[in-house]
Amino acid sequence: MPPPERSVTGRSLAPRHVTSPMGPLGRGGLSPGPIYALRSPGANETMRGIQMGDDATWEDRLEHASATFSRFVPDAEPARVLASMERRMGALGTFAFTAVGEMWDRPGLTRRDRSLMIIAVLAAQARNEELELHTAVGLRHGLARIEIEEINLHIAAYAGFPAAMAASRRMDAAFREAEGVAEIEGRAPADHLSDPERMERAADVRASLTGGRANPDPRADLEALRGHLGELGDWAMKWAFGEIWSRPQLSRRDRSLVVIATLVALGQEAELSFHVRAGLNHELGRDEIREAMTHLCLYVGFPRAVQGMRTAMEVFARIDG
Amino acid sequence: MPPPERSVTGRSLAPRHVTSPMGPLGRGGLSPGPIYALRSPGANETMRGIQMGDDATWEDRLEHASATFSRFVPDAEPARVLASMERRMGALGTFAFTAVGEMWDRPGLTRRDRSLMIIAVLAAQARNEELELHTAVGLRHGLARIEIEEINLHIAAYAGFPAAMAASRRMDAAFREAEGVAEIEGRAPADHLSDPERMERAADVRASLTGGRANPDPRADLEALRGHLGELGDWAMKWAFGEIWSRPQLSRRDRSLVVIATLVALGQEAELSFHVRAGLNHELGRDEIREAMTHLCLYVGFPRAVQGMRTAMEVFARIDG
Amino acid sequence: MPPPERSVTGRSLAPRHVTSPMGPLGRGGLSPGPIYALRSPGANETMRGIQMGDDATWEDRLEHASATFSRFVPDAEPARVLASMERRMGALGTFAFTAVGEMWDRPGLTRRDRSLMIIAVLAAQARNEELELHTAVGLRHGLARIEIEEINLHIAAYAGFPAAMAASRRMDAAFREAEGVAEIEGRAPADHLSDPERMERAADVRASLTGGRANPDPRADLEALRGHLGELGDWAMKWAFGEIWSRPQLSRRDRSLVVIATLVALGQEAELSFHVRAGLNHELGRDEIREAMTHLCLYVGFPRAVQGMRTAMEVFARIDG
């Protein structure tokens, strides 16, 4: 569960629920896609993630953003950080402080969750300088080094080895700096596995990814994948599922969050649709997935985040029949 | 209006209209998409953008390309630039001179318009060296520094902050070089706004983007966006529309051109479809949008430019019923 | 024809055909796409590419991977390369050795073919360090320098000039190193062509790309392209087909492989669909195209490779009626 909304400075925050009378629905949308009839939330589902206020003052906004930057840049006064960013970058500096700062202070996902996602999308997109910075931020948000390294295995599988190799170099620079060492020692290799061992581990992953709908006989399940994907089915089964997803260093739920974010960054809706469902099977909440799409807009841009949100909503609607 | 076609050297140019008898339509296409039945142009629409000659001599082509490079590299003889590029890069050098040079000398969009687009797509794609070069070219094509900085705010919103932050560093290097200073001074921050102020500005933007079809009550309009996009609707409304699109430093028409180019570079057809329509509402001409797609092929590759052209043609066809 | 499967060390390899009893097809797939009813292979089509074993031991896997790295890093013992990669990168190092090593040792495409593809996708994705490395590997796999330079012309056309210019710099570094020179001398420019010359060459390319279905009158064929693509049709016809695809420095079959790989990397399915068919017209085998999609998963990630495989299978199914 994410932590409850809190004020870092102790000042009470502007309410985030809708306080104003709403008029009728407008005719124009951001894009000409279908309008989704949003279900009322079920008993175990809150509307907190959905409700937002329309009446925050500038001071309210500044307080949220400042709370974030007091964590990003712990040894500087947030007001001075803002002034410095505006002097160096003008309006871009204002927005890099306020939009980014407000986003990271939202409820709905923990800061550790947000770091999992943002490290993944920076690596997938080869945003090198930001990746080094956010690796350091991720460590401060409670991610262990081996968890961040685990993110990068999914980058290898979902964005390719060249992306992961480049990301590895930038992450390493941040790790060495954080640990104050010239070289990271004692890294553990992956297990050296035979095909039968890979298949057995893959079967366990396929069961959790699909909520028990995959054929429990891994050879039969693989045969089904081959029907879709030819030889790619073998690589998905034995390597991606059997060797990466099966590792115990990061929870399945966290891996789903990493992969969902990566697929949004890559704009891969077909695969995303499968992994939104897998994320739900791995105990990600619908509100968490929606909050993930919201946060991602600042790191992959609105168009891909909007596509991600649409894909997630379509999956939810299909599940609800 | 774009300037009329002209010869920089004073030599009369090869006619660009179709001068040869045409056979029946071929059976094969570049891609197996539907064939668009092109409407005859209406009264206020010219065919100039459509008509091209098939009989330019090498000398005609060289003259157009040389006119461009005399502006790109003002202190060198174009013939020597071509010889140098061919010596260093072989056939790639030939094409980087002729294809790029001919494209930038086309009518249909001003050079300032072309620079707006190309700076945007280089930033969106993190093409760093080229971005620095084209920032300098953009200044020579009549863009002010604050206009180029304005492009980058749309990159933050449409491609994400990491892309914009990296672009900011490369643009800055070109600005410092052009202004002959060690540091750019006196940048203005964005206005520090409350939610009601953001909503009010967003309403004005939504009205112009949608040609008056958005609900004029911004709270009702936001509620409609939330129906499509969940919480992303809040960020689109308050930040992208209320804080970026609403700024007076660049015209809405120029912003539409920047965003259309960015969406083509990102391959985001759904969002592009909305923004082609918005561009028409912002007084971009159909010919200008088609010329934009044509120019972009050299900077994002044919496949994305072709998708962009198809999306634009589909929007035009829907408007015409 | 690709070389027959072989063991570099002389040890007999694990059989790659399916040796285990198969259960019924599973209900879950990697993605919720349609299940393709795979045809039985025809008389001239082998199943070799499809059949894979499920029972390789770790030693079998290690042997394939070691065979690859003895070629990638000729002056080091593969076992020491693996140990070094694992020490520096942990599990990522294990997979960068085993997955990459096993893939490059597969039958179905020659190593030269694989290098053609991988150089293309690294250039298209701006993976700079890996591109320099793989340019050197490509030379060792039998590609001539002018063939690798030819790949980059397709990058200019399909991913844009900025990608090609950056790639050119990295390729050049590898060429200079391999040739032991400070500067590559004597590069040949492209022919300096008039429009009629470009159209004539384009007609020949269009005939081979479409298997003779394009209108043999290039002006009529161009008019058809204009109907789809407006002015972009002129640039596709005269430049991409007339000046790049028509060059004799690389076979049409090899160019098709390069372009297919590039389109998979860019996630451009519509264009890919055309070029899979064009590849078949250029004598690429279906098994080769499927093997290409398989290999690409390690360099562009599963989602794009999976989309590529689906697109290829759809084209095959349409051809078979």
Side-chain angles (χ1 to χ4, degrees), chain A residues 20-33 35-38 49-50 52-58 60-62 86-96 99-100 103 121-122 125-127 129-130 267 290-291 293-294 297-307 309-310 313, chain B residues 124 126 146 149-150 152-153 155-166 168 187-190 192-197 199 206 209-210 213-215 217 219-236 239-240 243-244 247 263 266-268 270-271 273-274 277:
Chain A
S20 351
M22 289 287 151
L25 290 191
R27 279 158 294 152
L30 182 70
S31 275
I35 296 193
Y36 300 98
L38 290 179
I50 295 169
M52 290 184 72
D54 300 340
D55 47 16
T57 64
W58 163 252
D60 295 328
R61 300 180 58 211
L62 183 62
E86 290 185 326
R87 196 171 50 244
R88 285 184 294 114
M89 293 186 282
L92 182 64
T94 311
F95 298 143
V100 171
M103 187 66 87
V121 301
L122 293 172
Q125 298 178 106
R127 306 297 191 197
E129 297 90 342
E130 309 289 323
R290 291 173 55 141
E291 182 63 23
M293 301 306 174
T294 304
C297 79
L298 300 188
Y299 292 85
V300 306
F302 273 100
R304 295 210 162 147
V306 162
Q307 286 285 2
M309 184 69 91
R310 285 204 173 115
M313 284 179 164
Chain B
I146 61 164
E149 291 174 357
E150 213 62 25
N152 208 18
L153 300 182
I155 297 302
Y158 290 84
F161 272 101
M165 302 300 264
S168 169
R187 283 200 163 106
H192 292 179
L193 301 177
S194 68
D195 271 2
E197 291 165 322
M199 293 288 279
R206 291 279 296 163
L209 277 170
T210 64
R213 298 195 314 145
N215 193 312
D217 173 355
R219 287 170 184 271
D221 191 28
L222 172 56
E223 202 56 23
L225 284 177
R226 284 174 179 157
H228 287 74
L229 304 174
E231 301 81 347
L232 269 174
D234 287 79
W235 286 82
W239 180 50
E243 295 198 86
I244 296 177
R247 291 166 58 82
L263 294 170
L266 297 174
Q268 293 294 322
E271 198 80 4
S273 189
F274 173 80
R277 199 179 275 261

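Chain identifiers are assigned alphabetically (A, B, ...) following the order of the sequence lines, protein sequences preceding nucleic acid strands; residue numbering begins at 1 within each chain. This one's a predicted model, so the numbers in the text were calculated from it and none came from an experiment.
With a threshold of 4.5 angstrom between heavy atoms, B:Ala163 approaches chain A through its backbone and through its side chain. Heavy atoms closer than 4.5 Å to chain B are found in both the backbone and the side chain of A:Arg304. Using a 4.5 Å cut-off between heavy atoms, A:Leu122 touches chain B through its side chain atoms alone. Looking at B:Leu209, neither its backbone nor its side chain comes within 4.5 Å of chain A, counting heavy atoms on both sides. With a 4.5 Å cut-off on non-hydrogen atoms, B:Arg277 does not touch chain A at all. No part of B:Glu150 comes within reach of chain A, as not one of its non-hydrogen atoms sits under 4.5 angstrom from that chain. With a 4.5 Å cut-off on non-hydrogen atoms, A:Glu86 touches chain B through its backbone and its side chain both. There is no contact between B:Glu149 and chain A, counting heavy-atom distances below 4.5 Å. Only the backbone of B:Ala188 comes within contact range of chain A, with heavy atoms under 4.5 Å apart.
Within the model, atoms CD of B:Glu231 and CE of A:Met309 stand 5.0 Å from one another, a figure rounded to the nearest 0.5 Å. Expressed to the nearest 0.5 Å, how far CG of A:Leu62 lies from NE2 of B:His192 amounts to 8.0 Å. Note that CG of A:Asp54 is 8.0 Å distant from CD of B:Glu223, once rounded to the nearest 0.5 Å.
Between B:Leu263 and A:Pro303 the shortest heavy-atom distance is CD2-CG, 3.3 Å. Across A:Ala56 and B:Pro196, no two heavy atoms sit closer than the pair O-CD, 3.8 Å. The heavy-atom pair separating A:Met313 from B:Gly230 by the smallest distance is CE-N, 3.6 Å. Residues A:Gly90 and B:Arg187 share a closest heavy-atom pair of N-CD, 3.7 Å. The two residues B:Trp239 and A:Ala99 have their closest heavy-atom pair at CE2-CB, 4.1 Å.
Between B:Glu197 and A:Arg61 there is no salt bridge, since no side-chain N of the basic residue sits under 4.0 Å from a carboxylate O of the acidic one.
A donor-acceptor contact shorter than 3.5 Å is absent between the side chain of A:Arg127 and the backbone of B:Ala126.
No other option in B:Pro162, B:Ala166, B:Ser168 has as many heavy-atom pairs under 4.5 Å with chain A as B:Pro162.
Contact check for B:Leu229 versus A:Phe302: no side-chain heavy atoms found under the 4.5 Å cut-off. A:Glu129 places none of its side-chain heavy atoms less than 4.5 Å from the side chain of B:Met165.
Residues forming a salt bridge (Lys or Arg N to Asp or Glu O under 4.0 Å) with A:Arg87 (at least two apart in sequence, or on another chain): none.
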